[in-house]
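Remarks on the structure that follows.
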Amino acid sequence: MKWPILQAFPSFSPRYLRPFLRLCARQSALTIGKKLHALVLTTGVYRIRNSFLLNALLHLYASCGDTPAAHKLFDEIPPSSKDTADWTALMSSFSRDNMPLDALHLFAQMRGNSMEIDDVVMVCLFCACAWLRDVGVGSQVHGCVVKTGFQGRVKVCNAVMDMYGKCGMVGEMRKVFGDMKEKSVVSWTVLLDGVLKWEGVRSGRVVFDEMPERNEVAWTIMIVGYMGSGFCREGFSLLSEMMFHWGFKLNHVTLCSLLSACAQSGDVLMGGWVHVYGLKMMGMEMDIMVGTALVDMYSKCGRVDTAVKVFECMPRRNLVAWNAMLSGLAMHGRGRVVVEMFPRMIEEVKPDDLTFIAVLSACSHSGLVDQGSCYFDSLESVYGITPKIDHYACMVDLLGRAGRLEEAETLIKQMPIAPNEVVLGSLLGSCSAHGKLQLGEHALQRLIEMDPHNTEYHILLSNMYALAGKRDQANALRTVLKTKGIRKVPGMSSIHVDGQVHQFSAGDKSHSKTQDIYLMLDNMIQRLRSAGYVPNTASQVFSGSDGAEDNARDSEEKEQALFLHSEKLAVCFGLLSTKPGTPLYIFKNLRICQDCHAALKIVSKIYNRKVVVRDRNRFHYFKQGSCSCCDFW
DNA sequence: CTAGGGTTAG
């Protein structure tokens, strides 16, 4: 027994142990709680009956988030010694652990056992429905609330609102809010969150301004809302107001929320500011969660080396932290580093399925085919992880990129799970890159069955036909596309300059500096051409032609369309508005196209700039005429 | 002489 406080225990009787367990539950002190549990089992078994010790342990595990342990204890306690609070504890544990169906099932059992249903149970129930994103069940339950008379309780109504908000039914949410006689800050905050999510940042701001009272949660939600819509400057000024005018401090959760918003919007300026604040407030004692959020933020903002520094400075690292670091390195194409770090990781923590998605995609992005296959083979045998669809997708990607398409196809055939869009889409992409028409056609057929409205696949294949000189088939596909109507996600690129986000779509003329940007663009294309750039029209989606034949005018149109790609506009703006030599960081919602990739390589050389592009899949570092992905993406 | 369970930022 290493614990003096336990040695000093006057007696192991429930009378003394119970309050102690309660304290552990309140403080989430699971480690000490487990020791007490062991103590109960080893020394006091004969005294457990009717002592409420098991109930206290149930609450301990439930409030510490150890759902399996809570469930086990719940089953061990005889039904006659369980009351509503015990049932609720397990229910909320299920809800928080993203097991909403188990929570609903438990509720049904509660009713079957004629347990008393009070307002707290109802709150838990709506929480589970919110997680389920199932309005059907939710509104049914809402009907029950009205009947049973819980509609007067503020907290129950808050939970109902939250459910409607999470399910996207803003109208219902607003109605519940409007009908409430009493409203708390939480009611307003739930409303704010729902409105921001579904009606946008402007309507959200209206709610925020109407709030009679705001706590730090409301402020955080509003700031994150701004950041999520690209209004980084507004977010930052609101953060300063919150802290310097209203005197709010940032806690762990606030820090994590803000950092995740910075990661998403690519705002390293605010991210760095939050980092400094965290260091000042907590020094090196920043907890694992904040440390992990920092690693994630720096990685996603293109500063993977800073992410590594933060990671190495963390006093402790858990699985989540390791996963964040490895997937950060993976998206930067640092496959070798991932492979080097992995052995260190398994000395500290047990890897899970997410770890291997990071490791396999790192191998894929870096062309480490043999390494990747080796990890994949050891997944089940060494680490006891059943490969999921995403792992197969990584492998298909890995083999496909390397041109080993037959092996990729065999793997798909041998999979115990039916291939999904990611798997087949990756196969099609590789077929397109390596000109394997037949296999590509086959993959496309299956993809169309899965998602008839997605036209991206048609475009890939029609480009393949065109490249292979099969004009008839290419034209046939164009016709299909035309009749379906091209419903492509518009490509967007953004760039941060002076703390402000500038967003561009293809051919965008809405920016205040549009004239300068287009002058710069003409100039840039000229300089690119004289440096050997040839527009890659094959990678361009057909613009307007009927497909009769590609005349000169048509191909010129295609070239023009290429020049107007959003990332080119963003680069021009960046070149114009930053000092020579400043690296440019560009964020794109889709994958970067072949032509822009080739163009940016030359840009990095002739303008002597480092250009960093975050696309949907990974990062590209253009420097002195080459890209970190080695044209392997 | 029974505590214990619940809603908003992740």
Side-chain angles (χ1 to χ4, degrees), chain A residues 14-15 17-26 50-63 70 73-74 77 81-96 98 103 106 110 115-130 150 153-166 173 176-177 180 183-197 207 211 213-225 227-228 242 248 250-261 263-264 287 289-290 292-293 296 320:
Chain A
R15 204 178 135 196
L17 275 171
R18 230 171 26 228
F20 220 75
L21 282 169
R22 226 184 304 139
L23 190 69
C24 292
R26 258 210 307 276
N50 303 325
S51 64
F52 292 99
L53 273 181
L54 291 181
N55 305 58
L57 282 164
L58 163 67
H59 289 278
L60 167 78
Y61 286 113
S63 69
L73 274 157
F74 183 86
I77 306 172
S81 357
K82 278 184 292 211
D83 66 5
T84 298
D86 296 317
W87 286 79
T88 321
L90 184 61
M91 237 180 104
S92 78
S93 199
F94 279 143
S95 288
R96 275 195 316 244
N98 203 3
L106 204 67
M110 265 183 101
M115 296 304 299
E116 189 209 345
I117 305 294
D118 62 13
D119 49 344
V120 184
V121 184
M122 295 310 287
V123 170
C124 277
L125 184 59
F126 286 116
C127 183
C129 293
F150 284 121
R153 311 294 284 260
V154 180
K155 289 176 179 178
V156 176
C157 291
N158 292 345
V160 174
M161 280 177 60
D162 186 47
M163 176 204 68
Y164 281 128
K166 292 234 160 63
M173 180 182 70
V176 176
F177 182 78
M180 287 167 71
K183 294 165 179 119
S184 67
V185 211
V186 179
S187 325
W188 279 95
T189 312
V190 173
L191 180 76
L192 173 66
D193 190 41
V195 168
L196 272 172
K197 219 166 255 147
V207 175
M211 288 178 78
E213 179 196 347
R214 304 181 194 109
N215 60 16
E216 79 260 50
V217 181
W219 281 93
T220 311
I221 291 177
M222 190 65 229
I223 295 167
V224 169
M227 306 284 295
M242 163 191 178
F248 284 106
L250 306 181
N251 61 27
H252 294 207
V253 182
T254 317
L255 286 174
C256 290
S257 307
L258 292 174
L259 286 171
S260 127
Q264 246 197 333
D287 72 346
M289 285 232 301
V290 178
T292 305
D296 187 57
V320 188

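We use all heavy atoms of the structure for the numbers below, so side chains are in, but hydrogens, waters and symmetry mates are not. Each chain gets a letter, A, B and so on, in the order the sequences are listed, and its residues count up from 1. It should be emphasised that the depicted structure is a prediction, and the values quoted were computed from it without experimental measurement.
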### Query
Do A/Asp296 and A/Ser260 have side chains that get closer than 4.5 Å, going by heavy atoms?
no
### Task
Remember a base hit wins even if backbone is also touched, and classify A/Asn251 as base, sugar-phosphate or nothing at under 4.0 Å, heavy atoms.
base
### Task
Write down the atom of A/Cys124, the atom of A/Met91, and the distance for their closest heavy-atom approach.
CB-CE, 3.8 Å
### Query
For the pair made of CG in A/Asn215 and C1' in B/dT7, what is the distance, rounded to whole Å?
12 Å
### Task
Choose from B/dG10, B/dT7, B/dG4 the nucleotide whose nearest atom is closest to any side-chain atom of A/Cys127.
B/dT7
### Task
Answer with yes or no whether A/Asn158 presents, from its side chain, a donor or acceptor under 3.5 Å of a partner atom in the base of B/dG6.
no
### Query
Nearest of B/dG6, B/dG5, B/dG10 to any side-chain atom of A/Cys124?
B/dG6
### Query
Touch check for A/Ser257, heavy atoms < 4.0 angstrom, all strands: base, sugar-phosphate only, or nothing?
sugar-phosphate
### Message
Students often get this wrong, so: under 4.0 angstrom with heavy atoms, is A/Ser260 touching a base, only sugar-phosphate, or nothing?
### Response
nothing
### Summary
Between CE of A/Met115 and C1' of B/dG5 the distance, given in whole Å, is 12 Å
### Task
Write down the distance between CG (A/Leu57) and C1' (B/dG4), rounded to a whole number of angstrom.
12 Å
### Message
Under 4.0 Å, counting only non-hydrogen atoms across every strand here, what does A/Thr84 touch: a base, just sugar-phosphate, or nothing?
### Response
base
### Task
Rounded to the nearest angstrom, tell me the gap between atom CD1 in A/Ile221 and atom C1' in B/dT8.
5 Å
### Query
Among the nucleotides B/dG10, B/dT8, B/dG6, which one has an atom lying closest to any side-chain atom of A/Met289?
B/dG10
### A/Met242 side, atom CE; A/Thr220 side, atom OG1 - distance, nearest 0.5 Å
4.5 Å
### Query
Considering only side-chain heavy atoms of A/Asp193, which listed nucleotide, B/dG4, B/dG5, B/dT8, is closest?
B/dT8
### Task
Would you mind classifying the nucleic acid contact of A/Arg96 as base, sugar-phosphate or nothing, using non-hydrogen atoms under 4.0 angstrom?
sugar-phosphate
### Query
Within the structure shown, what part of the strands sits under 4.0 Å from A/Val121 by heavy-atom distance: base, sugar-phosphate, or nothing?
base
#### Entry: Selected nucleotide, minimal atom distance to A/Asn55 side chain, candidates B/dT7, B/dA3, B/dG5
B/dA3
### Query
Taking all non-hydrogen atoms of both residues, which atom of A/Asp86 and which atom of A/Asn55 are closest, and how far apart?
OD2-ND2, 3.0 Å
### Task
Using atom CZ of A/Phe94 as one end and atom P of B/dG5 as the other, report the distance to the nearest whole Å.
18 Å
### Nucleotide B/dA3, atom C1' - distance to CG of A/Leu60 in whole Å
14 Å
### Query
Please give, in whole Å, the distance from B/dG6 P to A/Met163 CE?
20 Å
### Message
If you go through the side-chain atoms of A/Asp118, does one of them form a donor-acceptor pair with the base of B/dG5 closer than 3.5 Å?
### Response
yes
### Message
Rounded to whole Å, how long is the line connecting atom CD of A/Gln264 with atom P of B/dA9?
### Response
15 Å
### Message
Below 30° counts as parallel, above 60° as perpendicular, anything between as tilted: where do the rings of A/Phe248 and A/Trp219 land?
### Response
tilted
### Query
Across the strands shown, which category fits A/Val190 at heavy-atom distances under 4.0 angstrom: base, sugar-phosphate, nothing?
sugar-phosphate
### Task
Report yes or no: does A/Asn215 contribute a side-chain atom to a donor-acceptor pair with the main-chain N or O of A/Ala218 at less than 3.5 Å?
yes
